[in-house]
Amino acid sequence: MRQVDHFIAGNSPAATRKHKIWNPSTGEVQAEVALGDASLLDQAVAAAKKVQPEWAATNPQKRARIMFEFKRLVEENKQQLAELLASEHGKVVDDAHGDVQRGLEVIEYACGIPQALKGEYTQGAGPGIDVYSMRQPLGIGAGITPFNFPAMIPMWMFGMAIAAGNAFILKPSERDPGVPVRLAELFVEAGAPEGLLQVVHGDKEMVDAILDHEDIAAVSFVGSSDIAHYVYKRGVAAGKRVQAMGGAKNHGIVMPDADLDQVVNDLAGAAFGSAGERCMALPVVVPVGEDTADRLREKLIPAINALRVGVSTDKDAHYGPVVTPEHRARIEQWIDTAEKEGAEVVIDGRGFSLQGHEDGFFVGPTLLDRVTTDMESYQEEIFGPVLQIVRARDFEDAVRLPSEHQYGNGVAIFTRNGHAAREFAHRVNVGMVGINVPIPVPVSYHSFGGWKRSGFGDTDQYGMEGLKFWTKAKKVTQRWPDGGGDGSNAFVIPTMG
């Protein structure tokens, strides 16, 4: 059986605990990953402390060259990475390619670190006084990443952190750790010193060790909201800088004037792609008015029934299995709950079986109608191939629904009316908004982050927000007096001069 070990500078101790890695398409255990503890983390931190000062002193151009080479190597190995990712996660290979590519886009931004790190300068802030600022690395950063994007989210984190001059310790999900380890290997191959990017595996014991370690200055986390809140509180209590991204229940508002054929096509990908296992999926569609709801439902049914569920290597499949048998059971339990609460099960994906792969972790596409806001199945994140229809009376109702929900990650509105779109984008209480864009993940030179229980902390992922998170600003006020010591050049505070 394949063994996935830690990637740290130095020798890893023999693992006393291990976690099984499934092949979600077959239901078989394909590998084991070693789980570490606080003592293993100490080894990784010690290695990071040795290499980080010299890396921080390396000029930004040289750091950028390593990022460029890492980008080239990832592109060269993209097929291998996608196949490994698909085999452990279950998403189809095309989706896995997208996972890798979206991470690479942040690496591309990090290649421009010399420009991004430029500070500010004011000449003549006072008599003979200049003021300038610089951004300096924090030291050692850590990332705790989820199972659903094992390539993209790690690259979101370590790309910006390392380019800014930090060392980085990554703790990926123990469910699909193969790709993060391979990325770390490629980073060393690109010319990075050993110890700059390390990967440690573990469960809550490792998470707590990271949050408590006095030499780790900042932690970035993506996962469920309850754990995100826990990570944020414990990390801040330990004096760390923390950004913790949580769950989501993204809504898609469909106005009466929307192009319903385009909406249905968008929903098929946004709600069911990657088996719905993504925080920017669109699991709730909100048609405005009963007529819009009835017309949309009529078009959704044949489109959803036409979706092909297959193994991760099926090139014709729209999506593959979910990640573990436990997660499959959880999704089906949410469908049970919705039905008991009074939702209409229009298309039922429970008990789905794929011929020849009966032991795989498959959930068929599911459509629920007449879902109301008091239902627990609406209030909580299902994280599976389940689309809920929540009918809105009017535009005001459509603005209110996502605005009052506990999550505030993403939202989309489908309309031909520019005024309605502008008004919605301005008023809705959600962090990322799409206008006729079903999955509004910002490009790499903007920033990613939700509101309310979808995000804890003050700084978003990647882009300039990410750079600010992984650096601290230093402000310098200077003058070079040329007087002869007679007091004629006495210092005057610039704002009072």
Side-chain angles (χ1 to χ4, degrees), residues 24-25 27 86 89-96 98 148 248-252 254 260-287 293 295-325 327-339 341 343-358 360-371 375 377-378 380-390 412 414 438-439:
S25 293
H89 176 278
K91 65 176 67 177
V92 296
V93 174
D94 277 352
D95 266 349
N148 58 325
K249 193 78 171 188
N250 305 322
H251 294 57
V254 182
L260 292 189
D261 290 329
Q262 184 63 53
V263 170
V264 168
N265 184 64
D266 287 345
L267 286 174
F272 300 102
S274 198
E277 294 175 314
R278 44 191 187 195
C279 67
M280 287 302 287
L282 203 62
V284 178
V285 61
V286 184
R295 289 188 294 120
L296 178 64
R297 169 175 163 153
E298 183 180 356
K299 289 178 176 290
L300 276 172
I301 291 172
I304 293 173
N305 282 328
L307 292 174
R308 178 185 173 100
V309 183
V311 296
S312 61
T313 54
D314 184 350
K315 294 181 180 179
D316 296 321
H318 293 96
Y319 72 87
V322 299
V323 68
T324 63
H327 190 52
R328 176 184 58 189
R330 179 178 179 273
I331 295 167
E332 292 189 341
Q333 182 60 52
W334 275 121
I335 301 171
D336 293 343
T337 298
E339 187 174 34
E341 291 176 321
E344 178 187 355
V345 182
V346 182
I347 299 174
D348 193 346
R350 290 171 291 187
F352 183 92
S353 180
L354 186 66
Q355 186 175 3
H357 297 276
E358 289 79 6
F361 312 142
F362 297 96
V363 180
T366 299
L367 178 64
L368 305 174
D369 196 3
R370 306 291 175 180
V371 175
M375 295 180 181
S377 59
Y378 166 76
E380 299 295 337
E381 184 177 36
I382 295 176
F383 219 62
V386 180
L387 178 62
Q388 298 175 296
I389 299 176
V390 180
F414 301 93
I439 304 179

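All residue numbers refer to positions in the sequence shown, counting from 1. Fair warning: this is a prediction, and the values are worked out from it, not measured in the lab.
The minimum heavy-atom distance between E381 and W334, with the atom names listed, is O-NE1, 3.8 Å. Of all non-hydrogen atoms in F272 and V386, the two that sit nearest each other are CE2-N, 4.1 Å. Nearest approach of L282 to G252, heavy atoms of both residues: CD1-N, 3.7 Å. The two residues N250 and P283 have their closest heavy-atom pair at O-CD, 3.2 Å. Residues A268 and L307 come closest through the heavy atom pair CB-CD2, 4.3 Å. When all heavy atoms of G320 and V92 are compared, the closest pair comes out as N-CG1, 3.8 Å.
Checking each of N265, V254, L300 against L260 for a side chain to side chain contact (heavy atoms under 4.5 Å, CB included) leaves exactly one that passes, namely V254.
Contact check for V309 versus P385: no side-chain heavy atoms found under the 4.5 Å cut-off. Side-chain atoms of R350 and V345, non-hydrogen and from C-beta on, do get closer than 4.5 Å to each other. With a 4.5 Å cut-off on side-chain heavy atoms, L387 and T366 do not count as touching. Using a 4.5 Å heavy-atom threshold, the side chains of L267 and V285 count as touching. The shortest distance between side-chain heavy atoms of E277 and H327 falls below 4.5 Å. Looking at heavy atoms from C-beta onward, V264 lies in side-chain contact with L296 at the 4.5 angstrom threshold. No side-chain heavy atom of L368 sits less than 4.5 Å from a side-chain heavy atom of V346. Taking 4.5 Å as the limit, every side-chain heavy atom of V322 sits out of range of all side-chain heavy atoms of P24.
A donor-acceptor pair under 3.5 Å is absent between the side-chain atoms of Q388 and the main chain of D369, judged by distance alone. The main-chain N or O of P321 is never found under 3.5 Å from a side-chain atom of R328 such that the two would form a donor-acceptor pair. The closest donor-acceptor contact from the side chain of K91 to the backbone of N148 lies under 3.5 Å. Panel note: side chain E332, backbone R330; no donor-acceptor pair is recorded below 3.5 Å.
Distance check: S377 OG to K249 NZ gives 6.5 Å after rounding to the nearest 0.5 Å. Expressed to the nearest 0.5 Å, how far OG of S353 lies from CD of E358 amounts to 4.5 Å. Atom NE2 of residue H89 and atom OG of residue S274 lie 4.5 Å apart, to the nearest 0.5 angstrom. Separation of atoms CD1 (I382) and CD1 (I335) is listed at 7.0 Å; rounding is to 0.5 Å.
Within 6.0 Å of atom CD in E298, 12 or fewer heavy atoms from other residues, nucleotides or ligands are found, so the atom counts as exposed in its surroundings.
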What verdict does the side chain to side chain contact (heavy atoms under 4.5 Å, CB included) test give for I389 and V371, after you've listed the backbone C-alpha separation in whole Å, the side-chain angles of each residue and the deciding distance to 0.1 Å? CA-CA 6 Å; I389 299 176; V371 175; 5.9 Å; no
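Sorted by first then second residue, the side-chain hydrogen bond (donor to acceptor under 3.5 Å, both in side chains) pairs that include residues 310-319, not counting sequence neighbours, are R308-D314.
Here R370 does not pair with E341 in a salt bridge; the nearest charged N to carboxylate O distance is not below 4.0 Å.
With sequence neighbours left out, the ring pair (Phe, Tyr, Trp, His ring centres under 6.0 Å) criterion links F361 to W22.
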